[in-house]
Amino acid sequence: MDLDIKVEVEMEMEGISKVQRLCDACNHVFAQKELPTFLQIQSLKNLLDTFEAADVGIDEFSLPGSPSSSPEGMKELICGQGVPEITYIHIHECDSFSIGIFCFPAGAMFPLHDHPGMTVLSKLLYGSVYVKAYDWVKLENSSSRTIRLARNVVDGILRAPCEPSILFPKSGGNIHSFAALTPCAILDVLSPPYSEDDGRPSTYFSEFPIPALPGYAMLEERELPDDLVVIGAPYLGPPLSLPEL
Ligand SMILES: [Fe+2]
């Protein structure tokens with residue numbers, strides 16, 4: 001049996017929700033002292049790949065005003081086609097990782113931002129999104145911390161269903177931006193989470209292409225863009241049971 005199907009069948013048989021399984025797996029992989037292995041990251045990626053919008057309390061099809069309920073008919077779901085602004089649904093955060101979902105209305109843009117020292121796994125749950133991503137170029141003589149050379153590593157459209165993407169502290173497109181081509185949602189696992197106190201703030205950047213050096217750009221730190229609006233919405237998916245601290 002295919003490994004992913006086997007994992008899904010086991011989860012259903014045990015009555016454990018996917019989101020609970022994801023949280024448990026993240027606890028196992030990210031709370032350990034050692035850095036995660038490639039196989040551990042790959043197994044998280046495989047698990048994330050099984051997710052659909054309904055698994056985290058989102059109805060990707062319903063239009064605003066139409067009835068939207070979970071398969072059990074127990075409660076309302078977030079109306080994926082109806083979010084008016086970029087909407088963050090927080091699922092869980094601890095010292096080691098955070099899990100949440102960004103829902104985008106069509107046309108919404110999330111500007112270039114970084115993930116300092118972080119590993120990020122992202123699953124596009126539905127819709128289409130244009131992604132542009134950079135990695136820093138390490139220069140021996142560079143003294144500026146506010147404007148630096150970066151290499152473009154992703155420049156294309158993601159359309160669901162598609163594999164989760166992974167970015168690392170120094171590779172995979174650690175600095176990225178999104179433009180939603182349709183209503184879409186991205187389930188993110190960040191490890192470790194953003195933390196100003198621990199030197200992991202979210203920094204935003206302006207991009208200056210270099211005509212003589214295709215594929216590279218200078219990225220300059222900027223203030224939080226005035227036109228970036230992110231609202232919060234409650235998580236309505238299966239409840240999580242968390243280990244006692
Ligand atoms: Fe991001």
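All ligand and atom numbering here is 1-based and tracks the order in the structure.
The structure places CD1 of I16 at 4.5 Å from CZ of R21, a figure rounded to the nearest 0.5 Å.
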Acceptor/donor pairs from residues 153-172 side chains to any protein atom, 3.5 angstrom cut, sequence neighbours excluded:
residue, atom, partner, partner atom, Å
D155, OD1, Y130, OH, 2.4
E163, OE1, K45, NZ, 3.0

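Clustering of Ile, Leu, Val, Met, Phe, Trp and Tyr by side-chain heavy atoms under 4.5 Å joins I231 with V229.
Near-neighbour remark for the Fe ion (ligand 1): protein N, O or S atoms under 2.8 Å are H113 NE2, H115 NE2, H176 NE2; waters not counted.
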Please step through side chain to side chain contact (heavy atoms under 4.5 Å, CB included) for the pair I101 and L125, ending with a clear verdict.
CA-CA 9 Å; I101 309 152; L125 297 171; 4.2 Å; yes
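Under a 4.0 Å N-O distance rule, the pair K132/E207 qualifies as a salt bridge.
For residues 200-234, the pairs satisfying ring pair (Phe, Tyr, Trp, His ring centres under 6.0 Å) are W136-F205, with sequence neighbours left out.
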